Amino acid sequence: MMSSFRLKVVTLNFWNIPLPIPGVCKDRQRRLAALTEHLMQEKYDIVALQEVWCEDGHDVIQQKCGSWYKYTKYFARGIIGAGLLVLSRYPIYDTLFAPYGPAGLPGMVHQGDFYGSKGVGLCRVNADSHLVDVYITHLQAGYYSGKEFAAVGAYTGVRMAQIVQLMQFMRNTRSHASSQILMGDLNTMPFEPMMTLLRDGVALQDAWLVVNGSEEDGATCNTSDNIYSCGKEFPQRLDWILYGGSRIECKKCDVTLRRVPNDSICYSDHNGVSAEFEIRDSSSSPDVNSRDKSSCTGAPIPSSVLTTANDAVTEYLNTVHLRLATGYRRLMMTLLLLATLVAAAPSSILTSALCAVTAVAAAFQTFVYVVTKSEVRELRDVLSVVRLQALRHETPQETAI
C-alpha cells in the first residue's frame with residue numbers, strides 16, 4: 001500500500017546586505033522582522049534564503065523562528081560568506097558546499113559578486129522518513145543596462161559555467177533520496193539556453209510551469225508592486241524551484257512574499273516563490289547503494305544547447321584572457337611607479353603617502369591577477385565538461401544483444 005505526505009517549501013533572495021551606504025538594502029531591519037513573522041505564520045517545512053550576507057540576520061532568524069525551524073544550515077565561507085541559509089522543521093543530517101570556480105571579476109568591487117563566495121549548498125533532509133536532497137544556490141548577477149534583456153551579456157558565460165558546475169554537483173551528490181529540490185536565485189530567464197542545460201542535464205522539472213502552465217504572472221524581480229526594484233528593468237523570473245525524482249509531484253506553486261501586510265514596504269527587492277509537493281511512499285525501500293542512472297544523468301541535452309554553452313564560456317574565457325593581459329600591464333606599471341617613488345629623494349610625507357597608496361594598489365593588482373589566472377583554469381575545466389557532453393552525443397551507443 002502506498003501513502004504520501006505534503007512538503008511545503010519557499011525560496012527568497014532576501015537582500016540582506018549590511019552596508020552603511022544610503023539607498024543600499026533599504027529598510028533591512030523592518031524587512032527582517034516582517035520576514036520572521038511571515039515564516040512563523042506560514043510554517044513552511046523548508047525555507048531557502050539567499051543574500052543573508054551578515055551573521056546578525058542569520059542569528060535573528062534563528063532566534064525568532066527556532067521553535068518551528070529547529071534545524072538550520074548557514075553556508076558561511078569566503079570573505080563575506082555565501083549568503084545561503086536553509087531552515088528546516090525536519091532534521092538535516094548531512095550538508096555539503098561547493099564554491100563556483102568562475103565567480104565574476106574581482107576588479108569589479110562595486111558589483112561584489114566575486115566577494116560573495118557564490119556556490120551551491122546541499123542539505124540532506126529526513127522529512128517524515130523520506131530522504132530529500134535540498135539544493136540551494138545563487139548565480140552570478142547579470143548587471144544588464146537599458147530596458148532590453150541582453151541574451152548574450154558580459155556575465156552570460158559566467159552563469160553558463162556555474163550552471164555546468166551546478167549540474168555536475170547535483171549529478172555527483174544525488175543519493176537514493178526520494179526527491180531532489182533545487183531552490184534559489186538563478187539570475188536566469190526561462191528562455192535562456194542555460195536553463196535547458198540544467199533541466200535536461202539533471203532531469204529537473206520547473207515547479208511554476210508544471211502547476212501554472214505558462215510564464216504569465218511568474219516574474220519575481222522588477223515587478224510593478226515592488227517598491228525597491230520596480231522600473232529598474234522589465235519584470236523577470238529569476239527565482240526558481242526545480243525538482244526531480246520518481247515519487248515527487250508538485251501540487252501548488254505561487255509567487256509570494258511581495259508586500260508586507262499593513263505596511264508600505266516589501267520583503268525584498270525580489271519576490272519569493274513557494275511550492276507544495278506530494279511525496280509518495282514506496283511499497284519497498286530502495287537499496288541504499290543503488291541509483292537510478294537515468295534520473296541522475298537526465299535527458300539527452302540538445303546539441304544546440306551544448307554549442308551555445310561552449311560558445312558562451314569560450315567568449316567569456318577570451319574576455320578573461322584579455323583582462324589577464326591588461327591586469328599584468330597594470331601591475332607592472334604600478335610596481336614601476338612604486339620603485340620610482342621609493343628611489344625618489346628627498347623623502348617627504350607626500351612621497352611616503354604616495355608609496356603607501358601605490359603599494360596597496362600593487363597588492364590589489366597582484367590579487368586580481370592571481371585570481372584571474374585561477375579562473376582561467378576553472379573555465380577550461382568547464383569547457384572540458386561541455387565538450388565531453390557533446391562528444392557523448394556524437395558517439396554511437398552500443399546496441400545490447
Side-chain angles (χ1 to χ4, degrees), residues 4 6-15 35 38-39 42 44-51 84 86 120 132-139 141-142 149 151 159 162-163 166-167 170 179-226 229-230 233-259 266-280 295 298-299 305:
S4 62
R6 293 287 181 118
L7 189 73
K8 186 178 179 182
V9 305
V10 67
T11 179
L12 174 70
N13 179 330
F14 180 51
W15 193 39
L35 176 64
H38 172 88
L39 295 180
E42 290 296 321
Y44 299 99
D45 295 309
I46 299 172
V47 178
L49 299 176
Q50 305 90 56
E51 288 200 8
L84 304 178
V86 175
V120 52
V132 182
D133 284 345
V134 178
Y135 297 88
I136 180 173
T137 192
H138 185 190
L139 300 186
F149 179 84
R159 283 198 309 283
Q162 290 175 347
I163 287 279
L166 171 59
M167 180 183 72
M170 292 189 68
S179 62
Q180 303 82 36
I181 301 174
L182 168 64
M183 296 185 281
D185 176 5
L186 302 186
N187 275 309
T188 304
M189 294 286 282
F191 56 80
E192 293 190 81
M194 59 194 77
M195 286 309 304
T196 303
L197 179 66
L198 178 61
R199 287 194 299 261
D200 292 353
V202 202
L204 297 174
Q205 296 188 73
D206 176 0
W208 175 265
L209 273 186
V210 167
V211 173
N212 298 286
S214 73
E215 296 295 337
E216 188 176 359
D217 299 324
T220 61
C221 190
N222 308 324
T223 56
S224 60
D225 59 348
N226 193 295
S229 61
C230 175
E233 300 287 345
F234 67 93
Q236 301 172 343
R237 183 157 80 98
L238 304 179
D239 303 84
W240 295 74
I241 296 179
L242 302 165
Y243 67 98
S246 59
R247 301 174 196 160
I248 183 172
E249 184 178 356
C250 189
K251 295 295 187 179
K252 186 179 180 181
C253 186
D254 296 304
V255 175
T256 185
L257 288 163
R258 297 173 180 266
R259 289 242 181 181
C266 296
Y267 289 97
S268 173
D269 59 343
H270 284 234
N271 298 329
V273 182
S274 65
E276 192 169 328
F277 296 100
E278 180 179 87
I279 301 181
R280 297 181 296 275
S295 69
V305 172

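Just so it is clear, the model here is predicted, and its values are computed rather than measured. The analysis underlying the following values was restricted to heavy atoms, covering all of them including side chains, and did not include hydrogens, waters or symmetry mates.
- Nearest heavy atoms, Phe14 versus Tyr267: CE1-O, 3.5 Å.
- Atom OG1 in Thr223 sits 9.0 Å away from atom CZ in Arg259 (nearest 0.5 Å).
- Contact record, Trp240 with Thr11: O-CG2, 3.9 Å, taken as the closest heavy-atom pair.
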### Task
Output, in order, the C-alpha distance, side-chain angles, deciding distance and verdict of side-chain contact (heavy atoms from CB on, under 4.5 Å) for Tyr44 and Ser274.
CA-CA 9 Å; Tyr44 299 99; Ser274 65; 4.2 Å; yes

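- In this structure, OG1 on Thr220 lies 5.0 Å from CG on Leu238, to the nearest 0.5 angstrom.
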### Task
Please assess His38 against Thr256 for the test side-chain contact (heavy atoms from CB on, under 4.5 Å), listing each intermediate value before the final yes or no.
CA-CA 11 Å; His38 172 88; Thr256 185; 4.2 Å; yes

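- In this structure, the side chains of Glu276 and Val211 stay at 4.5 Å or more apart for every pair of heavy atoms.
- A heavy-atom distance below 4.5 Å is found between the side chains of Ile181 and Leu7.
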### Task
For the pair Thr196 and Arg199, evaluate side-chain contact (heavy atoms from CB on, under 4.5 Å) and give the outcome as yes or no after the intermediate values.
CA-CA 5 Å; Thr196 303; Arg199 287 194 299 261; 4.0 Å; yes

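- When every heavy atom of Met189 is checked against every heavy atom of Phe234, the shortest pair comes out as CE-CE1, 3.7 Å.
- Proximity of Asn226 to His270: side-chain heavy atoms (C-beta onward) are nowhere separated by under 4.5 Å.
- Residues Leu204 and Met170 have side chains in contact (heavy-atom distance under 4.5 Å, counting atoms from C-beta outward).
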### Check against side-chain contact (heavy atoms from CB on, under 4.5 Å), Arg159 and Asn187
CA-CA 8 Å; Arg159 283 198 309 283; Asn187 275 309; 3.9 Å; yes

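- Note: Leu257 CG to Leu12 CG = 5.5 Å, rounded to the nearest 0.5 Å.
- For the pair Arg247 (side chain) and Ser4 (backbone), a donor-acceptor distance under 3.5 Å is absent.
- At least one donor-acceptor pair under 3.5 Å links the side chain of Asn13 to the backbone N or O of Trp15.
- Closest heavy-atom contact between Asn271 and Ala219: ND2-O, 3.9 Å.
- Summarising the geometry of Gly245 relative to Gln180, their closest heavy-atom pair is N-OE1, 3.6 Å, with the distance given to 0.1 Å.
- Looking at Asp269, Asp225, Asp217 one by one, the single match for salt bridge (charged side-chain N to carboxylate O under 4.0 Å, His left out) with Arg258 turns out to be Asp225.
- Between Met194 and Gln162 there is no side-chain heavy-atom pair separated by less than 4.5 Å.
- Met167 CE to Leu197 CG: the interatomic distance, rounded to the nearest 0.5 Å, is 5.0 Å.
- For the atom pair Asp206 CG and Cys253 SG, the distance stands at 7.5 Å (nearest 0.5 Å).
- The backbone N or O of Asp185 lies less than 3.5 Å from a partner atom in the side chain of Gln50, making a donor-acceptor pair.
- Each of Val10, Thr137, Ile46 was compared with Met183 under the side-chain contact (heavy atoms from CB on, under 4.5 Å) criterion, and only Ile46 meets it.
- With hydrogens and angles disregarded, no donor-acceptor distance shorter than 3.5 Å links the side chain of Trp208 to the backbone of Gly213.
- For the pair Leu139/Thr188, a side-chain contact is recorded, criterion being any heavy-atom separation below 4.5 Å from C-beta on.
- Cys250 and Ala207 make their closest contact through SG-CB, 3.8 Å (heavy atoms, listed as atom of the first residue, atom of the second, distance).
- In this structure, the side chains of Asp45 and Lys8 come closer than 4.5 Å at one or more pairs of heavy atoms.
- Atoms CD and CZ, on Glu215 and Arg237 in that order, are 4.0 Å from each other to the nearest 0.5 Å.
- Counting heavy atoms from C-beta outward, Ile241 and Phe277 have side chains that approach closer than 4.5 Å.
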